[in-house]
Amino acid sequence: MKILVFVKQVPDTDDVKLDPKTGNLRREGVKSMLNPLDANAVEEALRLKAKHGGTVCAISMGPPQSMDALKKALGMGCDEAYLLSDRAFGGADTLATSYTLAKAAEKIGDYDLLLFGKHAVDGDTAQTGPATAAQLGIPQVTLASSVEVEDGWVTCNRILGTDVQRVRAKLPAAITVCGDINKPRYATPINIMKAQKKPKYTWTAADLGADTACTGMKGSPSATKRVVEPPKREGKAVYFGGEAADAAKALADALEADHLI
Amino acid sequence: MFKLDTEHLELQASFKEFAENEVKPLAKEIDETERFPIETVKKMAEMGMMGLPIPEELGGAGVDQIGYVLAVEELAKVCATTSIILSAHTSLCCWPIMKFGTEEQKAKYLAPLAAGEKLGAFALTEPSAGTDASMQKSTAVLDGDHYVLNGSKIFITNASAADVFIVFAMTDKEQGTRGISAFILERGLEGFSISKPENKMGLRASATCELIFDNVKVPKENLLGQEGKGFKIAMATLDGGRIGVAAQAVGIAQGAIDEAVKYVNQRVQFGRTISRFQNTQFTLADMQTKTDAARLLVWRAAAAEQNGEPYTHLAAMAKLYAAETASYVTNRAVQLFGGYGYTKDYPVERMMRDAKVTEIYEGTSEVQKMVISGWMGVK
């Protein structure tokens, strides 16, 4: 089985600040990390490989430093890394990104399963996985909290609020996974050592045979005009005293009054 | 060797992530309760950290010495106890078997140790043989196909949880240090008992115990190296162990600095954060400079060992300086925290207690000075 897992290098969320003048993310000096939900996707890919055999290819689109996210994926145990890096890919929205990722999937070829994190913590759109499936014309399952593969079909549990929906799709298919699907493993020393010798490819728009009118800013019908920080919420503490039963009633009344229950 | 390469940076990042997520949350609790963190040992085994510098074909991870000291430092930043569990196991138990063991000993003991299925310990110190390790009173007498071991060992790290022990004993008292031999002992041998852990100032969860040997029958094939070569084996093992302890000391110091920087940037006195005061700035600058210098000494010693160059004096310098730095830095960190630093609400008091022993074990600072001046030709 060939699994393609798509990963993104994102700013460390503990470290992110907005520039108060421009409203843009301040990226200088901000540490980067593998998007946490993509680590779940990598973990799921490796578990499926352990069960069914095959190859796991990690793919990322971004500037050269995005190779760090791919190296993390290799250190966790992925077999091959593909960095899609070209100035023509810069400024892409989810449509242009999905076009580029789909071109890479086609070039790698023979894939059975595409795995994505549900969303990236920086853009938070949750569109790239589904859009890539649409570009490739393959079935998609979003919000998966379990993934099982059998006889050319993939079966997933989908988390929908308080309900779980069980669906199946014919392979090849694309899945986006939730955070509670698994606990991502660490990059182990032995895999980090091996990762140094694993295949790492960097592909440009030309390598992909991509139409640059469809990539990057040119291929993006949407653009970010402005980023604003949501107003800070004032926290306040209310103490309900007295007997436990009275305090519980007072708390319930207060929550009800605020339409919270 | 002033900058880590990509591979080392990736290893470091992984060790840091593991230490922050799995080790740091337990540090306070195990210090207070003196509970040996066996679950962390299992996690380190799953991660493949229990045989880092052991070649893959012998069951280890095949990481070089620099990679190994990075692991010890990252663990020590958040929990010095956990770092010495790893370091004693790796440097003092796995290493001598790798270096001096027979193929059979490597297969039987090193492979499961490096895989983390078994935990190792090293037993040289006795009540009257501390810095003067030549004064071994434990004896091992050959009797047919086994040695009969009698005596005791004190201050043995990992003891209550360990499965495999490197133990030194006199096989020929007439020969002095050339009469000392090394043995591999398994836990559970008849007559081999382990006391309750010592109640220590720092590293309170590292299970430091006394070992007692009462006519313990040790199979002849468990002699490590040749008879009479035990002292050399012990000294060679401690050379490497000192690099581990030096890395631990650097980690403790850096951990204290990291905590202090966070604290001074938010603690307000006289209407401003205390980070704005020059005393704070200069103190932290000194702390970081010394710690960086110590780290470079550690890397130099580790690189020399990796390259097969003489490193006894380099290990001694690294340990001497790193240990003194750890004590200085943690002491200053407590001072920057003021009264809060003296409480158990913040980790710097623990770090200060943990730092002290790096000046004492695996060769005191005074021993390191003897080694260094001896290497300099000072007689």
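B:Asn307 CG: more than 12 foreign heavy atoms inside a 6.0 Å radius. A 6.0 Å sphere centred on OH of B:Tyr340 holds no more than 12 heavy atoms belonging to other residues, nucleotides or ligands. Other residues, nucleotides and ligands contribute only 12 or fewer heavy atoms inside 6.0 Å of the CD atom of A:Glu150.
Put simply, the side chain of B:Glu17 does not reach to within 4.5 Å of the side chain of A:Met33, judged on heavy atoms. Annotation: side chain of B:Leu11 is in contact with side chain of A:Met193 (closest heavy-atom distance under 4.5 Å).
Ranked by heavy-atom pairs shorter than 4.5 Å toward chain A, the options B:Leu9, B:Asn21, B:Leu52 are led by B:Asn21.
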**Report entry** Verdict with supporting geometry, A:Lys183 and B:Glu22, salt bridge (Lys or Arg N to Asp or Glu O under 4.0 Å)
**Finding:** CA-CA 13 Å; A:Lys183 182 174 182 252; B:Glu22 310 292 342; 3.1 Å; yes

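To the nearest 0.5 angstrom, B:Thr6 atom OG1 is 12.0 Å from A:Ile192 atom CD1. Annotation: the span from A:Lys197 atom NZ to B:Glu7 atom CD amounts to 8.0 Å, rounded to 0.5 Å. Note that CZ of A:Arg185 is 12.5 Å distant from OG of B:Ser14, once rounded to the nearest 0.5 Å.
When each of B:Phe18, B:Tyr68, B:Phe15 is checked for a side chain to side chain contact (heavy atoms under 4.5 Å, CB included) with A:Pro189, only B:Phe15 meets the rule.
Smallest separation of non-hydrogen atoms from A:Thr188 and B:Met47: CB-O, 3.4 Å.
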